[in-house]
Amino acid sequence: MTCAPSDGDGGPAGGKLPTGRPRLLLVGNFGNVPGRVIRDRDPRRDQTGAVGGIGEDGPVLCALAPSGAGWVARALDDAGTPTGPVTVLPDRAALQEFAASTAPGVRWLWDATTSVYPPLLAAGIRVDRVHDVTLTERILLGRESRHAEPSAAAAVYARRHGLPVPDDPVAEVAPAVEPGLFMAEPSAPSRPEADWDPLDVLAEAFRSQAERSAGENALRLLIAAESASALAAAEMGAAGLPLRASVHDRQLTDLLGARPPAGVRPPKLAQLAAGITEAFGYPVNPDSAVDLRSAFQRAGFDISTTRSWVIKDLDHPAVPEVLEYKELSRLFTANGWNWLDEWVRGDRFHAEYLPGGVVTGRWAARGGGGLQIPKLARRAVLAEPGHVFVAADAAQLEPRVLAAISGDPALLAVSADEDLYTALADDGFGGDRAHAKVAMLGAMYGATTGESGRLLPVLRRRYPVAMATVEQAAHRGEQGGVVRSVLGRTSPPPSASWRATVLAGSLPDAGRGEQARAREVARAWGRFTRNFVVQGSAADWAAVWLSGVRREIAAVPGAELVFFQHDELLVHVPAGSADVVAELVVGAADEAKRLVFPGSPVSTPVRPVVVECYADAK
DNA sequence: TCAAATGGCGCC
DNA sequence: AAAGGGCGCCATTTGA
């Protein structure tokens, strides 16, 4: 990588992607001003130094906080020191005017994107960049093996001033008198933070976070990507995923019969339930696992669960109807008419996305199962007139990530192939792709038994470095240690009860039961940490990818991110822009590879497809 | 009677 | 092919 100043933008190779504006979103969340370009061999730092587009006279940071009925804002320099007066923004118009007047590329600073950004979006204000104190604090505290508080900025401020930390359970004092004893309302908890200057709180939290991440480029990249992801998440939640309600309704009616009144099974389910009762000869409620299990047990089958893959092998007349009932009942309850009513408005599905909501760094979603849209419902995810989806996923991301973080030469060689599993199969599994895939998944998830457990020795022989990486991660977990993703997200330490159980098993007088229990919980935590390094690093890559895509498509009129699920995304785009957006998506993936795995020969290919229906994307 | 736990299953 | 990682959601069951 060269260090020429003009080469520092970290953009896709060859500069063939039209940008028309400086790339400035992704990194440099902390203190960078134009002209102060820092260079070394770490391309993440090149990228950090390459932040441009900040107006010479504009603020580096603009802190924004709700205040009373309106907002307050204040410019800060790159050290987090206020450089201007507090601006009071009493109403929406003032906020809009203020936002429009800020320099292009200003980095906003606020407490939590999930609470601050939606009202801005509702007022028609979009921002390019932000430093999200709460998400950053979660990452930093995790690294320091501490827990995050609900309002991070206030907590950081309190600690620095030796004040009680708001909402900190440890600091809460038990009430002297039991509530209700005097028939009085329990007094509202005092909230000293209500009197603090919200902009001071933000500035100080920023300074603390800047200090604590000083010099750690990977961590700063993660913080930048996490903050940018939060913007994308809020925008996606507001925009919604195009979903044609009438199409989904028709599918439901075809499969379940007419929509029933509340509390009643749809016709098809009622019919199947009646058939099941008939097959057993007495009433059996297929919605009740207890009922169903005892029914099969009475019929002579020794089963401990009624999971479909267990049921399907039983030789009993009720089996086909039970299986069909389970499938359709799932559709009815999880993605039926109620779901449509509750989560789809104006032919758009609105979930709330929570970046960093999963300990590994993956997103979580609240509402409507936003990250578990079943294949069938994807048939109703249709682009609007004149539009298409650019759908892209990172093929076999996790094994590629394992190759990158471990540096295993053989696995890296395999990752050069478009279909990693086929290459893997040819490399050691006699061409058997299914076996190769099962083995690799088992290695990353910690399988011990069955087919995938049996195949582990093959992997260990072929890819000793990669296997040692995951096995070491598992070992650390079993010992109660923590592990990190490639950019530095840290796994939580095990709970006190975990430690107690493991300790109990190690004592000289431990019984067999205690020993076995200790072994099992230790192994389970080892499986978690084993997977954490892979899943977490994949999430790091994906966050950087998403951030890049968001930054790039901002220049494409009408293009909007409408879905992101761990390693895949959907951009809803005017048909004429599909090709250019597809190219941007690929470019962002290349950029993510370079930033997250600098110098690694690993390949993390994405293959965008242009579709009108999400179900056709795969 | 209500909240928490469980069983099951969709997604990655 | 088999039951290993991460989630959210629903209906039912359990337990205080």
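Letters A, B, ... mirror the listed sequences (proteins, then strands); counts begin at 1.
Using a 4.0 Å heavy-atom criterion, one finds that Thr449(A) contacts the sugar-phosphate atoms exclusively. Here Gly367(A) lies in heavy-atom contact (under 4.0 Å) with sugar-phosphate atoms only. Contacts of Arg362(A) with the nucleic acid, taken as non-hydrogen atoms under 4.0 Å apart, include base atoms. Counting any heavy atom pair closer than 4.0 Å across all strands shown, Arg378(A) reaches sugar-phosphate atoms only and no base atom. At the heavy-atom level, Gly453(A) lies nowhere under 4.0 Å from the strands shown. At a threshold of 4.0 angstrom between heavy atoms, the contacts of Glu398(A) with the nucleic acid are absent. Residue contacts for Ser329(A): at a heavy-atom cut-off of 4.0 Å it reaches no nucleic acid atom on any strand shown. Within the 4.0 angstrom heavy-atom criterion, no nucleotide atom of any strand lies near Arg530(A). Across all strands shown, Ala365(A) has heavy atoms under 4.0 Å from sugar-phosphate atoms exclusively, and none from any base. Heavy atoms of Gly369(A) sit under 4.0 angstrom from primed sugar atoms or phosphate atoms, though from no base atom. If you check every strand for non-hydrogen atoms under 4.0 Å, Val438(A) touches a base. Note on Val359(A): only backbone sugar-phosphate atoms sit closer than 4.0 angstrom, heavy atoms only; bases stay farther off. Using a 4.0 Å heavy-atom distance criterion, Leu397(A) is classed as making no nucleic acid contact. In this structure, Asn285(A) reaches the sugar-phosphate backbone alone: every heavy-atom distance under 4.0 Å involves primed, P, OP1 or OP2 atoms, never a base.
Rounding to whole angstrom units, NE2 of residue His435(A) and P of dA1(C) are separated by 7 Å. Rounded to an integer number of Å, the gap from Glu352(A) CD to dG8(C) P is 12 Å. With rounding to whole Å, Trp545(A) atom CH2 is found 13 Å from dC12(B) atom C1'. Summarising the geometry, the separation between CG on Asn335(A) and C1' on dG10(B) is reported as 8 Å, rounded to the nearest angstrom. Atom pair Leu459(A):CG and dG4(C):C1' shows a separation of 14 Å (rounding to whole Å applied). Whole-Å rounding puts the Met440(A) CE to dC12(B) P distance at 20 Å. Rounded to whole angstrom, the span from the NZ atom of Lys437(A) across to the P atom of dA1(C) amounts to 11 Å. The interatomic distance linking Phe332(A) (CZ) with dC9(B) (C1') rounds to 17 Å, in whole Å.
Considering only the side chain of Val290(A), dT13(C) comes nearest among dT13(C), dG8(C), dT12(C). The side chain of His566(A) lies closest to dC12(B), out of dT12(C), dG5(C), dC12(B). Closest approach to the Ser308(A) side chain among dC9(B), dG4(C), dC12(B) is made by dC9(B) (side chain taken as heavy atoms from C-beta onward). With distances taken from any side-chain atom of Arg330(A) to the nucleotides dC11(B), dG6(C), dG8(C), the minimum falls on dG8(C). Distance from the side chain of Ala289(A) is smallest to dG8(B) among dG8(B), dT13(C), dG6(C). Closest to the Asp287(A) side chain, of the nucleotides dT12(C), dG6(C), dG7(B), is dT12(C). Of the candidate nucleotides dG6(C), dG10(B), dG8(C), dG8(C) has the atom nearest to the side chain of Ala364(A). With dC11(B), dG6(C), dA2(C) as the candidates, the nucleotide lying closest to the side chain of Glu451(A) is dA2(C).
Taking side-chain N and O atoms only, Lys618(A) has a distance below 4.0 Å to OP1 or OP2 of dC12(B). Put simply, Ser288(A) has a side-chain N or O that comes within less than 4.0 Å of OP1 or OP2 on dT13(C). For Lys375(A) and dG10(B), the shortest distance from a side-chain N or O to OP1 or OP2 is not below 4.0 Å.
Aromatic rings of His248(A) and Trp337(A) (six-membered ring for Trp) have centroids beyond the 6.0 Å cut-off, not under it. Ring-centre distance between His572(A) and Phe389(A): below the 6.0 Å cut-off.
Of the charged side-chain nitrogens involved, at least one lies within less than 4.0 Å of a carboxylate oxygen, so that Glu324(A) and Lys268(A) count as a salt-bridged pair. A salt bridge is defined here as a Lys NZ or Arg NE, NH1 or NH2 lying under 4.0 Å from an Asp or Glu carboxylate O, and Arg550(A) with Glu235(A) meets this definition. Salt bridge status for Arg138(A) with Glu144(A): absent, with no side-chain N to carboxylate O gap under 4.0 Å.
Ring geometry for Phe349(A) versus Trp339(A): interplanar angle of 30 to 60°, hence tilted. Note: Phe296(A) and Phe280(A) have perpendicular aromatic rings, judged against thresholds of 30 and 60 degrees for the angle between ring planes. Between Phe563(A) and Tyr353(A), the ring-plane angle classifies as perpendicular under the 30° and 60° cut-offs.
Across residues 309-318 of chain A, Trp309(A) each have a non-hydrogen atom less than 4.0 Å from an atom of DNA chain C (numbered order).
Once the 5.5 Å centre distance and the 30° plane angle are applied, the aromatic ring of Tyr445(A) is found not to be stacked with the base of dG4(C).
Both tests hold for Arg298(A) against Tyr282(A): distance to the six-membered ring centre under 6.0 Å, angle to the ring axis within 45°.
Between the side chains of Gln472(A) and Arg476(A), no donor N or O sits under 3.5 Å from an acceptor N or O.
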